[in-house]
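Just so it is clear, the values below take in all heavy atoms, side chains as well, and ignore hydrogens, waters and symmetry mates. Along the sequence shown, residues carry numbers from 1.
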Amino acid sequence: MSYEWHDIVGNLGVSFIIGTYLFLQLGRLASTSYIYSILNAVGAFFVIISLMYDFNLSLFIIEFFWVGASLVGIARQLRARGIRG
């Protein structure tokens, strides 16, 4: 088994998602914060990049919706602050 650049990107994405969730559980991040949604979106996007080279449908579906849910969170924060986009 070889370890390629896309594996590094995927592992970095997983680290973002796990780290974000850990900080949420430790009370260091709020689920309504920009950083929470941004880190989740970036992490899921990185995993999707790695899936382009070693595809797994189940994981792709999870990450696709993870990005979508994160974008919804970002949009809600923008609306709550009166920023329309």
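The hydrophobic cluster containing I62 does not contain V9, counting ILVMFWY residues as joined when their side-chain heavy atoms lie under 4.5 angstrom apart, directly or transitively. Hydrophobic clustering (ILVMFWY, side-chain heavy atoms < 4.5 Å, transitive): L24 and F65 are in one cluster. By the criterion of side-chain heavy atoms lying less than 4.5 angstrom apart, applied directly or through intervening Ile, Leu, Val, Met, Phe, Trp or Tyr residues, V47 is not grouped with I8; the two fall into different hydrophobic clusters. No single ILVMFWY cluster, assembled from side-chain heavy atoms under 4.5 Å apart, contains both I35 and V72.
Note that CD1 of I17 is 6.0 Å distant from CG of N40, once rounded to the nearest 0.5 Å. In this structure, the separation between CG on L78 and OH on Y34 is 4.0 Å, given to the nearest 0.5 Å. The line from CG of L29 to OH of Y36 is 8.5 Å long, rounded to the nearest 0.5 Å. Taking OH of Y21 as the start and CG of L26 as the end, the distance is 10.5 Å to the nearest 0.5 Å. H6 NE2 to L12 CG: the interatomic distance, rounded to the nearest 0.5 Å, is 14.5 Å. Note that the CG atom of D7 and the OG atom of S2 stand 7.0 Å from one another [nearest 0.5 Å].
In this view, F16 and F46 satisfy the ring pair (Phe, Tyr, Trp, His ring centres under 6.0 Å) rule, not counting sequence neighbours. Residues passing the ring pair (Phe, Tyr, Trp, His ring centres under 6.0 Å) test with F55 are F60, sequence neighbours excluded.
The number of heavy atoms from other shown groups lying within 6.0 Å of CG (D54) does not exceed 12.
A donor-acceptor pair under 3.5 Å is formed between the side chain of Q77 and the backbone N or O of T32.
F45 approaches V67 most closely through the heavy-atom pair N-CG2, 3.8 Å. The minimum heavy-atom distance linking S37 with S70 is given by the pair O-CB, 3.4 Å.
E63 pairs with exactly one of I48, N56, V14, I49 by the side-chain contact (heavy atoms from CB on, under 4.5 Å) rule, that one being I48.
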